[in-house]
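Have a look at the structure below before the remarks.
Remember, predicted model here, so these are calculated numbers, not experimental data. Naming convention: chains lettered A, B, ... in sequence-line order (proteins, then strands); numbering from 1 in each chain.
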Amino acid sequence: MTKELFSILLTAILTQNFVLAKFLGICPFLGVSKKLNTAVGMSAAVIFVMALATAVTYPINKLLLVKNDLEYLQTIVFILVIAALVQLVEIILKKYIPALYNALGIYLPLITTNCAVLGVVILNVDEGYNFAQSMFSSLGAGLGFMLAMVMFAGVRERLESCDVPKFMQGLPITLVAASLVSVSFLGFTGIVENIFA
Amino acid sequence: MAKLTKEFSKGIIAENPVLRLVLGTCPTLATTTSVESAVGMGLAASIVLVCSNIVISALRKVIPDKVRIPAYIVVIASFVTIVQMAVKAFLPSLDEQLGVYLPLIVVNCIILGRAEAFAGKNPVLASAVDGLGMGVGFTAALFLMGAVREIFGAGTFLGTGVPFLESNPMLIFILPPGGFFVYGILMAAVNRMAEKKGKPRAELRGCEACPMAQSCALKKADKEGAN
């Protein structure tokens, strides 16, 4: 049981990294990774919202949608629940935990339309995970997002001081750099299966 | 009429959502491993884009300004669900290829972006044409990416073998790194062409391009951080 959960966690972080292998959450990955501190703040907020969204959508899906044969409403219900949830969290944090709000709050509205959050929720349903498995998979997805963001922020900080050919400057070189970071993650292929073999 | 032609053609080249506005990057990278799935994704998103543009434009005077984003999301999500059910019923192999990216059309920035920037302010016909143009531009860009990746990565084009490359495929092109790489190179080529014509290069506008930019404080924080 624990073995299985850890296997799900590690798969989501390393071999099936949300950003670098599944291409979910590319916008913040390219847009917010310029500086290390914003990258960390954004990823922390993503982890938080992913875990929360999974914890809330799992019972809704199980008790409301599946029971009443309404699975086809998943997309609509999930996106609305996530949007409402993010708003609610923002209001609560602002009022009761201002310190946390100052650290994460500014990233919250951005996350509503982030495909990584909706993606993890839908993937959990598609995989048929139970509650614990869903939570671990979301946690892994969030941590994987953070790992990719932090690594890439480092790469981009070094890129700033590089002499890049004119036609590659800006976005093209950033994408090629992302490609190289993604190659490094290919190296993890098969590692999870072997650890738990 | 001339105005409508302009609305249509701007999405294809001058304001191509993928190659000029840098929107919808997730499906662009994820579904272009073959021409078939790339075009399938492009068409599915285009249908949603045109339909949601029409409905949002028709409802633009009814939807209160304060709740417009959630209202747009509901409209878009409804059309995504319809497309998802249609694809599942009639094209099950495409459904398998697109997987989770089919429901994720909901959060495709192009669609919400057009709703916010165009359909919420313009009459129905112009919005439909705008959506159609953007959809064609999106599909064309995806087709281009899918063709490059399939030809080099699998040595085939729409399933038929390409001489020489068929026996020597460069697998990396259809793996995730290849997606970033091909997108980067395409971007460089498009920037080069744009510069020759005296147009600005496509920049990653990150926040400004995001339909949530107005309600989001990240932009402000970024500015403060820069000071």
Side-chain angles (χ1 to χ4, degrees), chain A residues 17 20-32 34-35 37-38 41-42 72-80 83-84 105-110 112-119 122-123 126 165-186, chain B residues 22-23 25-31 69-70 73-74 76-78 80-81 84-85 99-101 103-109 112 172 175-189 191-192 195 201-207 209-213 215-218 220-222 225:
Chain A
N17 187 287
L20 297 166
K22 285 205 175 119
F23 299 120
L24 295 171
I26 295 291
C27 300
F29 177 65
L30 295 174
V32 196
K34 248 185 195 150
K35 271 178 253 117
N37 56 348
T38 38
M42 176 77 188
Y72 61 90
L73 285 179
Q74 266 163 2
T75 313
I76 298 185
V77 170
F78 287 175
I79 186 76
L80 286 179
I106 53 166
Y107 305 102
L108 286 176
L110 201 66
T112 319
T113 50
N114 182 337
C115 50
V117 177
L118 185 61
I122 294 176
L123 278 173
D126 283 353
K166 192 164 174 275
F167 70 99
M168 287 296 283
Q169 274 167 15
L171 193 59
I173 194 68
T174 311
L175 284 164
V176 173
S179 160
L180 293 177
V181 176
S182 174
V183 169
S184 71
F185 271 70
L186 275 187
Chain B
V22 204
L23 292 173
T25 40
C26 300
T28 305
L29 291 164
T31 60
I69 299 269
I73 292 179
V74 175
I76 295 167
S78 314
V80 169
T81 308
Q84 206 183 340
M85 289 164 104
V100 70
Y101 300 100
L104 285 182
I105 296 175
V106 179
V107 281
N108 188 321
C109 332
L112 194 56
I172 191 91
L175 292 175
F180 285 113
F181 182 74
V182 173
Y183 194 18
I185 298 299
L186 267 182
M187 211 75 202
N191 275 349
R192 186 76 188 249
E195 260 177 9
R201 5 180 347 129
E203 278 306 328
L204 185 78
R205 286 177 293 173
C207 273
C210 170
M212 302 296 285
S215 53
C216 170
L218 186 65
K220 215 173 73 198
D222 218 27

### Summary
Ranked by heavy-atom pairs below 4.5 Å to chain A, first place among B:Ala30, B:Ala188, B:Pro177 goes to B:Pro177

### Point-to-point distance, once rounded to the nearest 0.5 Å, from CD1 of B:Ile105 to SG of A:Cys115
12.0 Å

### Query
When only pairs under 4.5 Å are counted, which of B:Pro103, B:Gly179, B:Gly178 shares the most heavy-atom pairs with chain A?
B:Pro103

### Message
To the closest 0.5 Å, what do you measure between CG (A:Leu30) and CG (B:Leu29)?
### Response
8.0 Å

### Query
Checking heavy atoms, do the side chain of B:Ile172, its backbone, both or neither come under 4.5 Å from chain A?
side chain

### Task
Heavy atoms only: give me the nearest A:Gly25-B:Cys26 pair and the separation to one decimal.
N-SG, 3.7 Å

#### Entry: Intermediate values then yes/no, side chain to side chain contact (heavy atoms under 4.5 Å, CB included), B:Tyr101 and A:Leu24
CA-CA 9 Å; B:Tyr101 300 100; A:Leu24 295 171; 3.6 Å; yes

#### Entry: Closest-packed option against chain B by number of heavy-atom pairs under 4.5 Å, given A:Pro165, A:Pro172, A:Ala177, A:Ala178
A:Pro172

### Query
When rounded to the nearest 0.5 angstrom, what is the spacing between CE in A:Met168 and CZ in B:Arg192?
12.0 Å

### Message
How long is the straight-line distance from CD1 of A:Ile76 back to OG1 of B:Thr81, given to the nearest 0.5 Å?
### Response
4.0 Å

### Query
What's the spacing between B:Leu104 CG and A:Leu123 CG if we round to 0.5 Å?
7.5 Å

### Message
So which residue, A:Thr75, A:Leu180, A:Leu20, A:Leu175, ends up with the most heavy-atom pairs under 4.5 Å with chain B?
### Response
A:Leu175

### Task
Considering non-hydrogen atoms only, spot the tightest contact between A:Phe23 and B:Phe180 and give its length.
CE2-CE1, 3.4 Å

### Region of A:Leu118 in contact with chain B, defined by heavy-atom distances below 4.5 Å
both

### Task
Report the option among A:Gly41, A:Gly119, A:Ala83 that has the most heavy-atom pairs separated by less than 4.5 Å from atoms of chain B.
A:Gly119

### Task
Measure A:Ile173 against the heavy atoms of chain B and call it side chain, backbone, both or neither at under 4.5 Å.
neither

### Message
Need one label for B:Ile76: side chain, backbone, both or neither, based on atoms under 4.5 Å from any heavy atom in chain A.
### Response
neither

### Task
Go through the atoms of B:Ser78 and report whether side chain, backbone, both or neither lie under 4.5 Å from a heavy atom of chain A.
both

